[in-house]
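Below: the structure, in structure tokens.
Convention: sequence-line order gives letters A, B, ...; per-chain numbering from 1.
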Amino acid sequence: MTTVTSTARTSATAAPTVAELLSRLGFRPSGPSPAWLTQARHASLGWATARGFPTLKDEDWKYTRLGPLLDVPFERAGDGDGAGRRVSPAMIDALTIDAASTRLVFVNGLFAAELSLLTDLPEGVTVTNLASVLAEGGAGLEPFFSRPFGEYDHAFTAINTVLAEDGAFIQVAADALITAPIELVFLSDAHGPPVMANPRSLILAGPRSRVAVVETYAGTSGGVTCTNAVTQVVLDEGARVEHYKIQDEPDAAFHLALLDVRQGPGSRFSSGSVALGSKIARNEVRVRLEGEGAEAGIDGLYLPRGDQHHDNPILIEHAAPRCTSRQLYKGIVDERGHGVFNGRIIVWPDAPGTDASQTNKNLLLSDHAEVDTRPRLEILTDDVKCAHGAAVGALDEEALFYLRSRGVPYEAARALLTYAFARELLDLIESESLRTHVETLVAGRLSTDSDGTGAHSGD
Amino acid sequence: MMLKIENLHAQIGDNEILRGVNLEVAAGEVHAIMGPNGSGKSTLANVLAGHEAYGITGTVRFEDEDLLALSPEDRAAAGLFLAFQHPVEIPGVGNLYFLRMAFNSVRRRRGLEELDVMGFLALAQERMKLVEMDRSFMSRSVNEGFSGGEKKRNEILQMTILEPKLAILDETDSGLDIDALRIVAGGVNALRRPDRAMIVITHHQRLLDYIVPDRVHVMAGGRIVRSGDKDLALELEEHGYADLGLEVASDRSASVGATP
Ligand SMILES: Nc1ncnc2c1ncn2[C@@H]1O[C@H](COP(=O)(O)OP(=O)(O)OP(=O)(O)O)[C@@H](O)[C@H]1O
Ligand SMILES: [Mg+2]
């Protein structure tokens, strides 16, 4: 009987449809935005409503159950409800790499000017918030919102298009070299009902320009939040963009993100990421190599523990001749954590001379930890060099014994070997200050809290 | 007695590797253990260091403590050191970082003062000179890509840094060229003191010219089947193990390798 009752209750609170979620989030199609944007929002709304939410039957969502997210009655984060007041400048300082660097701060997807730093902008770069660009008509931005929906698109990117109000806007002029990283900080903050934020950012790198951007996602603890972020990057011929993402949202948070990259001829894009936080996080990356000789390096480290779920759907499309792509993803999964690597490389017929590699390695630290890894190659042309591989394993027992035989306590030896596993990815971070920052985050996560291990050493 | 092993048995699954080892080592002594391949020498060393893969019975007392009850790290702190026959490579862990961590862990448990980076570096450099090891090895990952001989030198370096009371050297001389052998022996001899002891596992009498043992034991089939003074090593060198009239002829493992 109990079973019947609980089944009935479950169906009574069935997951909402896209239309229901959007109406609850208060879609305001006639806001003060350019006409093309209103049109794009309507088109996305129609598409998402018809498409519905992804299910476990979708190849790209196979391992991520959306139930727990869709069960939460999210509301739209309002401008006037005091959001942002719980965010102090000290908190921003702790999250940023360099207190003096150019930074944009967003709270629940909305620009927080008082926490941002936009003075002393170098020559040749525009750094501002998207809302202010849209308020002036958003000239040239229509293609970013009106892209036709493709096979890989899903309701959440469409919902972002429907609801996005703000985000970062970075535009680098031809030949401008911006070396100091521009920091984007996205904070989620709920202290009443659960809130959902839909930040939308654009990074446009002109011909032969160079820029480094770090995105940090974090939040205040307390309420339940959902971040549904989209970042679009376009690299013109010969441009070079270094991108890094830190996802360290509170443990009760949901995090869905898409990094969408289009690369012109001879451009170089590198992106690293570290996933530490959230209850369920899906960090999607799509890179389209559209110009001859473009290079992309996409790396990621995910560290789910507790009941955390970290999904990494990666799609690299080789759509031009002689492009290179390299992926290295590593998972360190502890407790009942669940890590997913779902990497896909497509080599289109017009991409001879493609050189693509994909590696996923996972370290399981507990018997209950779980990993799903699916490296996939779809090659539609000859003359390509593709390599992929995946591995899942535990800590090397012999190495552990070696360290202990030298006096290193068990917990410390485990932490040392675990950190060593992550080391390879940390070493790939070019910027020294960023590397140190990420090293501290990862070491902090992996260091064992003192649990009395050393307490009974006094013979 | 610094080390007292009584009727030590060790097995993996159904495979009994040590079959009743008895051995006593007093402070200040150097003991050599020789014996055919597969006779259980490394297993004995591993069991003493605390490897957890074996099912063990028997007793081992180290300075009147129940050694078998201690974790590997506690054994290290108590003053036991094993120079491995095959040191593992640990990619991603810097050698210098590891050495300092090991040093300070052991010092902490011994109730001694820990050293900061600069202090430790000075100590490490002094000990590296002793084993003629180049500084560049400090910035590399532990044993990663080290040649066979370099790994062995790194073991001796660790020994000179951790200053154990009882050092077990498992074929540290194998794979060393003549110069390296002299250097390693120098490192070992530098550590010799009346309150320290050493167990040297080797296949070659040659090493024992440099590190002169007080006792020589022959291990076969998981037991010590013969003990004697340093002349026993010379005898073995000349006649091999076949002439020993090993009393373990019925043992499966005794017939495994008659030649060293
Ligand atoms: N983990 C293990 N699993 C199964 N058998 C093992 C294991 N470790 C050791 N043995 C077996 O135990 C026996 C003794 O091995 P051990 O390494 O102690 O020999 P050894 O005397 O050190 O030989 P060598 O002179 O070649 O170094 C061998 O037959 C070996 O195969
Ligand atoms: Mg051996």
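- Atom CZ of residue B:F98 and atom CG of residue A:L416 lie 8.5 Å apart, to the nearest 0.5 angstrom.
- Within 6.0 Å of atom NZ in A:K330, more than 12 heavy atoms from other residues, nucleotides or ligands are found, so the atom counts as buried in its surroundings.
- More than 12 heavy atoms of other residues, nucleotides or ligands sit less than 6.0 Å from atom CG of B:D134.
- Aromatic ring orientation, A:F401 versus B:F84: perpendicular (interplanar angle above 60°, classes split at 30° and 60°).
- Scanning all heavy atoms of the two residues, the minimum distance from B:V93 to A:A420 falls at CG2-CB, 3.5 Å.
- Heavy atoms of B:A49 lying under 4.5 Å from chain A belong to its backbone as well as its side chain.
- The CD atom of A:E398 sits 3.5 Å away from atom NE2 of B:H51, with the distance rounded to the nearest 0.5 Å.
- Contacts between B:N104 and chain A at a heavy-atom distance below 4.5 Å are absent for every atom of the residue.
- Shown here for A:S405 and B:A76, the closest heavy-atom pair between the two residues is O-CB, 3.4 Å.
- With a threshold of 4.5 angstrom between heavy atoms, B:A69 does not approach chain A through any atom at all.
- Using a 4.5 Å cut-off between heavy atoms, B:P164 does not touch chain A at all.
- Counting heavy-atom neighbours within 6.0 Å of B:R135 CZ, excluding the residue itself, gives a total of 12 or less.
- Distance check: A:Y402 OH to B:H86 NE2 gives 13.0 Å after rounding to the nearest 0.5 Å.
- With a 4.5 Å cut-off on non-hydrogen atoms, A:R406 touches chain B through its backbone and its side chain both.
- Between the CG atom of A:L403 and the CD1 atom of B:I90 there is a distance of 4.0 Å, given to the nearest 0.5 Å.
- Residue B:Y54 qualifies as enclosed at atom OH: its count of foreign heavy atoms under 6.0 Å is above 12.
- With hydrogens and angles ignored, the 3.5 Å screen pairs a side-chain donor or acceptor of B:E73 with a backbone N or O of A:Y410.
- Shown here is B:K151, whose NZ atom has more than 12 heavy atoms of other residues, nucleotides or ligands within 6.0 Å.
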